[in-house]
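Scroll down for the structure; my scribbles are underneath it.
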Amino acid sequence: MNSKITIRAPSTTANLGPGFDVFGLALDAFYDEITLTKIKKGISIITTDNVPTKLEDNTAGLVVKNMKKKFKIKEGIEIEIKKGIPAGFGMGSSAASAAGAAVAFDKLFGLGLDGNSLVEFAGYGEKASAGSVHYDNVAASVLGGFVIVRTDPLDVFRIEPPKDLRLCVAVPKLKVPKKKTKVSRGVIPKKIKLEDSTRNLSNASTIVVGFLTKDSKLIGKSIKDIIVEPARKHMIPGFVKVKENALKAGALGVTISGAGPSVIAFTERSSDQKKICRAMEKGFASAKIECKTIICKTGKGASNK
Ligand code: HSE
């Protein structure tokens, strides 16, 4: 068995509008690289990126610590982290490091864990950044494609996305608060109206049908969230304009990517993605904010480099 392994874990978008904490989609946009090496003893973290190096505060560190204990691994482990995913922008950055660490650990020690278990171990790492466990991003980063997370008990379902689905992501140059996910989870209403829940559920269910029938139009048209997006949009200056512009430029559906502040537009291959990106840039510019736009396809799950 090898004494070292490197795993590339993809960026992800969570929620897809009405699927708060339930839906995730892997994006072929950015990747984190996690290398685990067997050492004599202990756990150490090496990185030149701006992430915490204290084990308990680091998503990958928490995952490795927990798995080492659970599987009674005697050897030590060095964790090398190379961040490719911008942290704090709603692209599943912390989740990718956690997912990469869980998949790497499984392979390094030949555990042969199934998808559900890998997602459960990776979810543990999310605690470090979100303050609570949620599995949508880690599930998409571990398994790739579109995922549905049922939490109680935990079950993760993966559906292969339509080949013609294209995403335009606008990442604004904003200063994001520390523990951003925790902060943006704090603004969501604790109680909601039954009719709002019904509307979100009907759109969420239709998104699932869209993925099952490989219908990008149906997916895009159903990216509508009347519960979480309205509660969070004030945290993203220019959001209303970004969304309006992208829809006018031909996007099928637009929403906040995960907990934001990135905004994601769902489009199909035949849409004019460059025009949609320019429209999103103009939307952010209306609030005097620069942004970087990315056009991407859906991604595969975490795998060997
Ligand atoms: N579902 C989570 C949220 C994703 O929206 O808070 C965080 O990346």
Side-chain angles (χ1 to χ4, degrees), residues 1-12 24 26 30-88 91-144 149 154 156 178-182 301-305:
M1 206 166 289
N2 288 340
S3 60
K4 183 176 182 158
I5 188 160
T6 300
I7 295 291
R8 261 175 112 228
S11 48
T12 51
F30 306 104
Y31 290 82
D32 276 5
E33 271 179 33
I34 305 293
T35 303
L36 297 188
T37 309
K38 289 183 186 172
I39 55 174
K40 277 209 177 106
K41 60 176 186 181
I43 304 175
S44 56
I45 297 178
I46 304 181
T47 184
T48 53
D49 296 312
N50 185 20
V51 290
T53 47
K54 193 171 160 227
L55 205 54
E56 285 74 19
D57 295 336
N58 183 287
T59 50
L62 267 180
V63 173
V64 169
K65 185 183 170 192
N66 190 36
M67 291 180 85
K68 184 175 182 312
K69 192 170 164 208
K70 183 87 184 173
F71 296 100
K72 299 186 171 56
I73 302 289
K74 296 269 180 314
E75 291 143 293
I77 301 158
E78 179 191 271
I79 310 167
E80 190 182 344
I81 302 168
K82 279 194 194 149
K83 296 295 297 178
I85 308 174
M91 303 291 292
S93 177
S94 58
S97 290
V103 172
F105 196 100
D106 176 61
K107 287 192 194 284
L108 187 63
F109 294 100
L111 304 175
L113 296 173
D114 62 15
N116 267 7
S117 310
L118 287 171
V119 169
E120 196 162 8
F121 281 114
Y124 195 81
E126 280 284 72
K127 253 193 180 164
S129 69
S132 58
V133 185
H134 59 97
Y135 296 97
D136 44 6
N137 291 105
V138 283
S141 194
V142 167
L143 300 174
V149 179
L154 182 67
V156 184
K178 273 201 163 146
K179 303 267 179 190
K180 175 224 68 186
T181 303
K182 199 174 173 183
S303 62
N304 292 54
K305 201 187 159 189

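Everything numeric here is computed off the predicted structure, so don't read it as measured data. In what follows, every heavy atom counts, from backbone to side chain, and hydrogens, waters and symmetry copies are set aside.
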What is the distance from atom [atom1] of [X] to atom [atom2] of [Y], rounded to the nearest 0.5 Å?
{"X": "L118", "Y": "S141", "atom1": "CG", "atom2": "OG", "value": "11.5 Å"}
{"X": "M67", "Y": "L108", "atom1": "CE", "atom2": "CG", "value": "10.5 Å"}
{"X": "L36", "Y": "S3", "atom1": "CG", "atom2": "OG", "value": "11.5 Å"}
{"X": "S303", "Y": "Y31", "atom1": "OG", "atom2": "OH", "value": "8.0 Å"}
{"X": "H134", "Y": "T181", "atom1": "NE2", "atom2": "OG1", "value": "5.5 Å"}
{"X": "T35", "Y": "I5", "atom1": "OG1", "atom2": "CD1", "value": "9.0 Å"}

To check you understand the geometry: which heavy-atom pair defines the closest contact between [X] and [Y], and what is its length?
{"X": "Y135", "Y": "L154", "value": "CD1-CD1, 3.8 Å"}
{"X": "V138", "Y": "A99", "value": "O-CB, 4.2 Å"}
{"X": "A60", "Y": "I34", "value": "CB-CD1, 4.4 Å"}
{"X": "A98", "Y": "A122", "value": "CB-O, 3.3 Å"}

- prompt: What pairs meet the ring pair (Phe, Tyr, Trp, His ring centres under 6.0 Å) rule with one or both residues in residues 52-81, with sequence neighbours excluded?
  reply: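 Only F71-F121 qualify under ring pair (Phe, Tyr, Trp, His ring centres under 6.0 Å).
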task: Please collect all side chain to side chain donor-acceptor pair (under 3.5 Å) contacts where either partner lies in residues 66-84, sequence neighbours excluded, each pair once.
output: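 Applying side chain to side chain donor-acceptor pair (under 3.5 Å) to every pair that reaches into residues 66-84, excluding sequence neighbours, yields D32-K83, K83-S93, K83-S97.
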query: Hey, is the main chain of L113 close enough, under 3.5 Å, to the side chain of D106 for a donor-acceptor pair?
result: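 Flag set: sc D106 to bb L113 pair under 3.5 Å.
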task: Without swapping roles, check the side chain of T12 against the backbone of G24 for a donor-acceptor pair under 3.5 Å.
output: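 Checked: no pair found.
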message: Set out, in order, the CA-CA distance, both residues' side-chain angles and the distance that settles side chain to side chain contact (heavy atoms under 4.5 Å, CB included) for I79 and I43, then state yes or no.
response: CA-CA 7 Å; I79 310 167; I43 304 175; 3.6 Å; yes
task: Evaluate the side-chain hydrogen bond (donor to acceptor under 3.5 Å, both in side chains) criterion for residues E126 and T59: first the C-alpha distance (whole Å), next the side-chain angles of each, then the deciding distance (0.1 Å), finally the verdict.
output: CA-CA 6 Å; E126 280 284 72; T59 50; over 6 Å; no
- request: Check step by step if side chain to side chain contact (heavy atoms under 4.5 Å, CB included) holds for L143 and V156.
  value: CA-CA 9 Å; L143 300 174; V156 184; 3.4 Å; yes
